[in-house]
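Have a look at the structure below, then the notes.
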Number of protein chains: 2
Amino acid sequence: MNNIMIPLDAETNAVEMPDDHRDELRLWLRLLTCSTLIEGEIRRRLRDRFGVTLPRFDLMAQLDKAPDGMTLSDLSKRMMVSNGNLTGLVDRLVASGHIDRRVSETDRRAQMISLTPAGQSEFRTIATEHEGWIAELFGGLSQKDQADLMRLLAKTKRSARQAVHGDVE
Amino acid sequence: MNNIMIPLDAETNAVEMPDDHRDELRLWLRLLTCSTLIEGEIRRRLRDRFGVTLPRFDLMAQLDKAPDGMTLSDLSKRMMVSNGNLTGLVDRLVASGHIDRRVSETDRRAQMISLTPAGQSEFRTIATEHEGWIAELFGGLSQKDQADLMRLLAKTKRSARQAVHGDVE
DNA sequence: GCAAATTATTTTAAGCTTATAATAAAATCT
DNA sequence: AGATTTTATTATAAGCTTAAAATAATTTGC
């Protein structure tokens with residue numbers, strides 16, 4: 001049901017197509033376009049309306065879900081960024097009073113990072129508006145579209161993780 | 001058929017939900033996870049196997065599709081990055097001999113950028129392997145999944161563009 | 001208990017990215 | 001034609017991002 005011969009044009013027809021993965025490539029480029037487009041708009045609005053960068057907002061979002069705090073390594077895994085990246089990001093957020101860092105009581109290598117009350121309050125204000133922006137950006141999709149897309153992206157995530165880690169969880 | 005009352009928990013139930021956009025947020029986070037995951041793996045493989053960065057590869061991919069060359073502004077629009085970003089990227093690719101820059105014959109402000117023969121040859125080697133990686137990463141999706149995802153992402157792209165630019169093309 | 005391996009974080013160097021302002025050429029509008 | 005606006009690019013400053021190497025604390029395996 002697959003592998004249908006599709007004549008391309010006079011030049012390429014004879015030589016090409018050992019096996020053709022152009023469709024997957026187009027799918028990837030479209031996925032990337034969507035996320036670049038949305039991410040760029042969110043970045044712009046965060047800066048214009050709240051003077052905050054997307055990485056700072058993302059970090060605070062992680063902490064808001066973890067009232068007891070998290071270590072840098074936890075943050076690094078969750079946010080899928082390098083450890084070294086977080087060092088600087090955390091430094092700046094401590095300097096601006098949004099987060100606290102204290103040495104872990106059980107592991108003197110590790111630090112527990114958590115939102116300050118001011119940081120949490122500011123984050124929640126921003127998060128509410130942020131949620132509205134996202135709904136607006138996805139506004140052209142019906143409920144069914146959204147559910148279908150969610151399911152297909154779950155499948156994509158599993159597929160990519162499998163290829164990256166050999167992991168199936 | 002929508003707007004079903006979902007009791008959350010004792011604390012939030014009474015006060016919350018002016019209108020709830022958590023599903024869109026989860027959809028966005030999943031989309032972002034997929035693209036971050038795939039992009040990170042591609043970046044890693046490009047570096048490990050070919051010693052090339054993703055932005056340099058992306059720029060060369062644009063030029064490969066435009067044999068007559070492109071201006072910096074064209075590249076900027078296509079790649080969805082800032083103009084200033086391209087200045088440095090182009091400088092480095094000229095220095096490494098992958099691309100050529102020459103002043104446009106019709107507009108002395110503009111420069112035409114194009115792949116050198118060596119740049120094109122190297123790009124095509126990399127591109128072939130790259131296409132295989134993408135196919136591998138999306139390998140868990142059936143043909144139908146891929147077609148469905150493609151269609152839903154097209155819709156997402158239109159929806160986001162609409163929200164960003166008010167544009168419907 | 002002690003050496004070896006692992007884990008948590010920081011440092012460094014290079015490159016990427018953006019926004020903003022500056023410069024310069026071209027197009028537009030009287 | 002001359003002034004104004006737009007367009008193309010570069011420069012600058014700040015921040016983000018990574019990989020790789022260094023440091024330090026903990027855990028593991030005798």
Side-chain angles (χ1 to χ4, degrees), chain A residues 32 35-37 39-60 62 69-96 98-99 101-113, chain B residues 32 35-37 39-60 62 69-96 98-99 101-113:
Chain A
L32 189 55
S35 83
T36 303
L37 194 60
E39 186 175 327
E41 182 67 9
I42 295 301
R43 191 185 299 275
R44 194 171 309 124
R45 292 188 187 188
L46 284 173
R47 177 175 44 76
D48 293 349
R49 307 247 231 262
F50 298 106
V52 77
T53 65
L54 182 55
R56 287 206 242 264
F57 177 75
D58 285 344
L59 195 154
M60 290 193 281
Q62 293 298 329
M70 302 173 75
T71 65
L72 287 176
S73 294
D74 291 341
L75 278 169
S76 163
K77 276 168 213 144
R78 288 287 185 82
M79 297 174 69
M80 297 197 280
V81 300
S82 67
N83 261 337
N85 190 349
L86 278 179
T87 297
L89 202 48
V90 166
D91 285 348
R92 288 184 287 270
L93 278 165
V94 168
S96 63
H98 290 89
I99 67 177
R101 79 195 321 168
R102 55 186 193 288
V103 173
S104 161
E105 290 162 12
T106 57
D107 185 340
R108 275 184 306 179
R109 292 168 304 180
Q111 303 176 31
M112 297 302 288
I113 312 295
Chain B
L32 189 55
S35 85
T36 302
L37 194 60
E39 188 175 327
E41 182 65 9
I42 295 301
R43 191 186 298 278
R44 192 172 310 122
R45 293 187 186 189
L46 284 173
R47 180 176 42 74
D48 293 351
R49 307 247 230 263
F50 299 106
V52 77
T53 65
L54 183 53
R56 287 205 242 263
F57 177 74
D58 285 344
L59 195 153
M60 288 193 283
Q62 292 298 331
M70 299 174 74
T71 64
L72 288 177
S73 295
D74 290 340
L75 279 169
S76 165
K77 275 168 213 146
R78 288 285 186 83
M79 297 175 68
M80 297 197 280
V81 300
S82 66
N83 260 337
N85 190 348
L86 280 179
T87 297
L89 202 48
V90 165
D91 285 348
R92 288 184 287 271
L93 279 165
V94 168
S96 63
H98 291 89
I99 67 177
R101 82 197 318 167
R102 58 186 191 289
V103 173
S104 161
E105 289 164 12
T106 57
D107 184 341
R108 274 184 307 179
R109 293 169 303 179
Q111 302 176 31
M112 295 303 287
I113 311 295

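So you know, we letter chains A, B, ... as the sequences are listed, proteins then strands, and number each from 1. All values reported here derive from a predicted model rather than from experimental measurement. No hydrogens, no waters, no symmetry mates; every other heavy atom, side chains included, goes into these values.
A donor-acceptor contact shorter than 3.5 Å links the side chain of A:S96 to the backbone of A:R92.
In plain terms, the two heavy atoms of B:S76 and B:S82 that are nearest each other are OG-C, 4.0 Å.
Within the structure, a side-chain polar atom (N or O) of A:R101 is placed less than 4.0 Å from OP1 or OP2 of C:dT10. Neither OP1 nor OP2 of C:dT7 sits under 4.0 Å from any side-chain N or O of A:S73.
In this structure, A:R43 and A:R47 have side chains that are not in contact, with every pair of non-hydrogen atoms separated by 4.5 Å or more. Put simply, the side chain of B:D91 reaches to within 4.5 Å of the side chain of B:R101, judged on heavy atoms. Looking at heavy atoms from C-beta onward, B:I113 lies out of side-chain contact with B:M70 at the 4.5 angstrom threshold. Here the side chains of B:L86 and B:M79 are in contact, with some heavy-atom distance below 4.5 Å. Looking at A:E41 and A:R45, their side chains come closer than 4.5 Å, going by heavy atoms from C-beta outward.
When heavy atoms are screened at a 4.0 angstrom cut-off, B:T71 is found touching the sugar-phosphate backbone but no base atom.
How far CG of A:L32 is from CD1 of B:I42: 10.5 Å, rounded to the nearest 0.5 Å.
Rounded to whole angstrom, the span from the CD1 atom of B:I113 across to the C1' atom of D:dT9 amounts to 10 Å. For B:M112 and D:dA8, the CE to C1' distance is 13 Å, given to the nearest whole Å. Between the P atom of D:dA11 and the CG atom of B:L72 lies a distance of 12 Å, rounded to the nearest Å.
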For residues 49-59 of chain A, please give each side-chain donor-acceptor pair under 3.5 Å, one per line with the distance, not counting sequence neighbours.
residue: A:R49; atom: NE; partner: A:E129; partner atom: OE2; Å: 3.3
residue: A:T53; atom: OG1; partner: A:R56; partner atom: N; Å: 3.4

_I need a per-nucleotide contact map over nucleotides 13-24 of chain C, read 5' to 3'. Cutoff is protein heavy atoms under 4.0 Å; write B for the base, S for backbone only, - otherwise._
--SSSBS-----
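Rounded to 10 degrees, the angle separating the terminal axes of the helix from C:dG1-D:dC30 to C:dT30-D:dA1 is 30°, with each axis obtained from five end pairs.
Two residues, A:D107 and A:D91, neighbour DNA chain C, and the one matched to the more 5' nucleotide by heavy-atom proximity is A:D107.
Between C:dT10, C:dA26, D:dA8, one nucleotide has an atom nearer to the side chain of B:R108 than all others, and that is C:dA26.
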